[in-house]
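Order of appearance sets the numbers: ligands from 1, and atoms from 1 within every ligand.
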Amino acid sequence: MDSKDDKDISRLCIHTITTKPWNIEEAASHFSAAGVKGISVWRDALDGRNIKQTGQLLLDHDLTIVSLCRGGFFAHKDLNKRKLAMDDNRKAIDEAAGLGAPMLVLVCGADPSQSLGDSRKQIQDAVNELIPHASAAKIKLAIEPLHPMYADTRSAINTMKQANDMAGEINSPWVGVAVDVYHVWWDPSLEKEIKRCGESGHLMAFHICDWKLPTTDMLLDRGLMGEGCIPVKQIRSWVEAAGFTGFNEVEIFSTSHWKDNQSEYLQKVIKAYKENS
Ligand code: ZN
């Protein structure tokens, strides 16, 4: 591998969910051998493991742990479910700290038996309530706006403006925004809101993939960069113009790609990253 190749992927991070058929030990070894420098860990990848030792294993593979995915699902009409969600989020913060991840990504949740406004209020209250725990553990909380097709049950935060507004009202150095191109590429205010996010110091993470034509599953048919219609390079240029210097995180849920030979697929991810992001 020549030095240009090294440089090209020096800010590439891959989510464990992207290569879901691999366990975290296999992912660490394959990512590292391919020259990937960053890893974001999904909580299911930690099942049954000593979290501290797993974090050390990632560091031993020269991987930067970018984030833990995911916390959230705060919005419930039922108070008891809201309390359970808070317990789970405190646990997730502790897991992030044990792993050595600096950030927990939040899929904030929504409950279709109440209004989106009520869900949003519960989300904001919950994130506020988590700040003491997060700051004590030194874990940042990144609100990720989700595409409006998920406004029924996955997130009542659906645009960058909503995420920026909420992060602004919460006004804590521990709370910011994760930009995922899959969720926000369609938004006519995207460039403006990314700029605003950077200027306010809230731009904490950048997730990339593509929107396939046609998309055959609302959750599990994301594409590699270049397989669809998202202007990933353009959005990345806005994110970088807004001052973001962190990792570009490839996060692809795809039942189709999970059937690929994962070693070959990893090479495709790297190629797509170099050419189309
Ligand atoms: Zn994401």
Side-chain angles (χ1 to χ4, degrees), residues 11-20 27 36 38-45 64-74 89 92 96 101-110 123 127 139-151 153-164 166-167 175-187 190 193-194 197 202-212 215 217-225 227-232 235-236 238-239 242 244 246-255 257-258 269 272-273 276-277:
R11 286 173 57 203
L12 166 61
C13 164
I14 301 179
H15 283 228
T16 56
I17 195 97
T18 299
T19 54
K20 190 180 174 193
V36 175
I39 187 167
S40 275
V41 177
W42 278 61
R43 291 175 76 192
D44 65 289
T64 299
I65 306 167
V66 177
S67 65
L68 182 69
C69 298
R70 60 199 184 191
F73 291 97
F74 301 113
N89 277 275
M103 173 168 56
L104 177 68
V105 177
L106 303 177
V107 169
C108 291
I123 292 163
V127 175
I139 299 299
K140 290 180 182 169
L141 304 172
I143 298 167
E144 179 167 331
L146 259 56
H147 191 284
M149 69 179 170
Y150 300 123
T153 55
R154 287 180 183 270
S155 186
I157 312 294
N158 306 108
T159 63
M160 278 296 294
K161 181 180 187 305
Q162 288 172 331
N164 279 336
M166 190 171 285
V175 177
V177 177
V179 179
D180 185 326
V181 297
Y182 189 75
H183 299 299
V184 298
W185 68 276
W186 55 272
D187 184 345
L190 187 58
E193 292 295 333
I194 285 174
C197 192
H202 290 139
L203 185 38
M204 288 184 172
F206 182 49
H207 298 175
I208 56 176
C209 66
D210 212 337
W211 183 283
K212 283 173 72 180
T215 293
D217 187 282
M218 286 168 71
L219 190 62
L220 302 176
D221 192 37
R222 294 191 186 197
L224 278 168
M225 297 73 73
E227 283 186 323
C229 62
I230 298 180
V232 179
I235 299 173
R236 178 175 168 182
W238 295 339
V239 164
F244 183 75
F247 278 87
N248 304 298
E249 304 180 43
V250 177
E251 182 192 33
I252 299 174
F253 323 128
S254 166
T255 41
H257 285 305
W258 289 332
V269 170
Y273 177 76
N276 303 313
S277 67

Undergrad: Is the distance between the Zn ion (ligand 1) and the nearest N/O/S atom of H183 smaller than 2.8 Å?
TA: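 No, H183 does not qualify, because none of its backbone or side-chain N, O or S atoms lies under 2.8 Å.
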Undergrad: Looking only at N, O or S atoms, which one in D180 sits nearest to the Zn ion (ligand 1)?
TA: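 Result: OD2.
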Undergrad: Does T18 reach the main-chain N or O of V250 with its side chain, forming a donor-acceptor pair under 3.5 Å?
TA: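 Side chain of T18 to backbone of V250, a donor-acceptor pair under 3.5 Å: yes, one is there.
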Undergrad: Measure across V232 and N276 and return the closest heavy-atom pair with its distance rounded to 0.1 Å.
TA: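 What the structure gives for the nearest pair is CB-O, 3.7 Å.
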Undergrad: From the N, O or S atoms in E144, identify the one nearest to the Zn ion (ligand 1).
TA: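 Of the nitrogen, oxygen and sulfur atoms in E144, the Zn ion (ligand 1) lies nearest to OE2.
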Undergrad: Classify the ring geometry between W185 and W211 as parallel (under 30°), tilted (30 to 60°) or perpendicular (over 60°).
TA: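 Because their plane-to-plane angle lies in the 30° to 60° range, the rings of W185 and W211 count as tilted.
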Undergrad: Just wondering, is there an N, O or S atom on E249 that's nearer than 2.8 Å to the Zn ion (ligand 1)?
TA: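 Here the distance criterion (N, O or S atom, under 2.8 Å) is not met by E249, so no.
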Undergrad: Determine yes or no for a side-chain-to-main-chain donor-acceptor pair under 3.5 angstrom, with N158 supplying the side chain and L146 the backbone.
TA: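 Yes, because the side chain of N158 sits within donor-acceptor range (under 3.5 Å) of the backbone of L146.
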Undergrad: How close do H183 and E144 get, counting heavy atoms only, and between which atoms?
TA: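 Closest heavy-atom pair between H183 and E144: CD2-OE2, 3.3 Å.
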Undergrad: Please state the angle at the Zn ion (ligand 1) spanned by OE1 of E251 and ND1 of H207: what is it, rounded to 10 degrees?
TA: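 Vertex the Zn ion (ligand 1), arms to OE1 of E251 and ND1 of H207: 100°.
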